[in-house]
Amino acid sequence: MAQTKASKLVANNKKAYFDYFIEDTYEAGISLVGTEVKSVRMGKCSIKESFIQIQDGEVFVYGMHISPYEKGNIFNKDPLRTRKLLLHRHEINKLRNSVAHQGYTIVPLTVYLKEGLVKVSIGLAKGKKLYDKRETIAKKDQKREQEKEFKTSFR
């Protein structure tokens with residue numbers, strides 16, 4: 001993930017890291033309306049159930065929920081509307097080839113503010129099998145136990 005010190009995390013998709021092996025990440029801009037930007041800056045954004053598709057050479061994110069801005073009245077848009085992601089042409093072609101030929105999928109990982117702009121970190125991912133998920137859970141449990149033992153050793 002290409003976040004710098006000047007960036008602020010708005011939304012994180014923890015489920016994507018559990019369900020997929022993330023092979024490669026890209027930083028994409030997102031096309032938003034003014035009231036949506038204000039809502040994102042307030043942290044009212046969710047990407048838990050969202051997914052990304054490429055259509056006609058353009059990349060779109062579906063199911064990304066941005067709550068309506070309280071003071072936006074008539075300027076508010078549909079919270080679940082389809083939004084366009086802004087990537088370079090060579091990145092889109094690379095993603096399209098990976099999805100079409102190698103069985104990858106594209107998932108949104110994080111939404112953050114970078115130098116005043118809303119950015120989305122997307123990942124080229126391959127789905128995990130059930131045994132891989134069990135392995136991930138076992139590793140987390142081991143790490144938690146080690147941290148617990150480490151804490152108690154200093155008391």
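One is the number of the first residue; the rest follow in order along the sequence.
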Show your working on side-chain contact (heavy atoms from CB on, under 4.5 Å) between E36 and R81 and close with a plain yes or no.
CA-CA 11 Å; E36 290 177 326; R81 75 181 181 92; 2.7 Å; yes
| message | How about NE2 on H90, more than 12 heavy atoms from neighbouring residues, nucleotides or ligands closer than 6.0 Å, or not? | response | yes
Taken in chain and number order and not counting sequence neighbours, the residues that satisfy side chain to side chain contact (heavy atoms under 4.5 Å, CB included) with Q53 are F51, Q55, Y62
Nearest heavy-atom approach of L109 to N12 is O-OD1, 3.3 Å
S98 side chain vs K94 backbone, donor-acceptor pair below 3.5 Å:
yes
Taking every heavy atom of C45 against every heavy atom of V40, the minimum-distance pair comes out as CB-CG2, 4.4 Å
Rounding to 0.5 Å, atoms NZ (K84) and CD (E58) come to a distance of 3.5 Å
Surrounding OH of Y20 (heavy atoms of other residues, nucleotides or ligands, distance under 6.0 Å), is the total greater than 12? no
- Give a yes or no on whether E23 atom CD has more than 12 heavy-atom contacts from other residues, nucleotides or ligands under 6.0 Å away. yes
To the nearest 0.5 Å, atom CD1 of I122 lies from atom CG of L85 at 6.0 Å
Would a 4.5 Å heavy-atom cut-off, applied to side chains only, mark T35 and P68 as touching? no
Heavy atoms of G63 and L80 approach each other most closely as O-CD2, 3.8 Å
message: Within the structure provided, determine whether R83 and V120 are in side-chain contact (heavy-atom separation under 4.5 Å).
response: no
* Asked: Would you say the side-chain atoms of K48 pair up with the backbone N or O of H65, donor to acceptor, closer than 3.5 Å?
  -> no
Separation between CZ (R96) and CD1 (I106), nearest 0.5 Å, reads 10.0 Å
In short, N13 meets Y17 closest at the heavy-atom pair O-CD1, 3.6 Å
Looking only at heavy atoms, the pair that brings P108 and S50 closest together is CG-OG, 3.1 Å
*Using modelled atom types only, decide if a donor and an acceptor are shared between the side chain of R89 and the backbone of G57 within a distance under 3.5 Å.*
yes
Which of V107, L95, T105 passes side chain to side chain contact (heavy atoms under 4.5 Å, CB included) with L124? It is L95
Interatomic distance, OG@S31 vs CZ@F60, rounded to 0.5 Å, equals 9.5 Å
Interatomic distance, CZ@F18 vs CD1@I137, rounded to 0.5 Å, equals 4.0 Å
inquiry  = I want to check something: taking the side chain as every heavy atom from C-beta on, are E145 and K148 in contact at a cut-off of under 4.5 Å?
reply    = yes
Return yes if some donor-acceptor pair links the side-chain N/O of K8 with the main-chain N/O of G43 below 3.5 Å, else return no. no
In short, L113 meets V118 closest at the heavy-atom pair CD2-CG2, 3.6 Å
Separation between CG (L86) and NZ (K119), nearest 0.5 Å, reads 8.0 Å
Note, Y112 side chain near E27 side chain (heavy atom, < 4.5 Å): yes
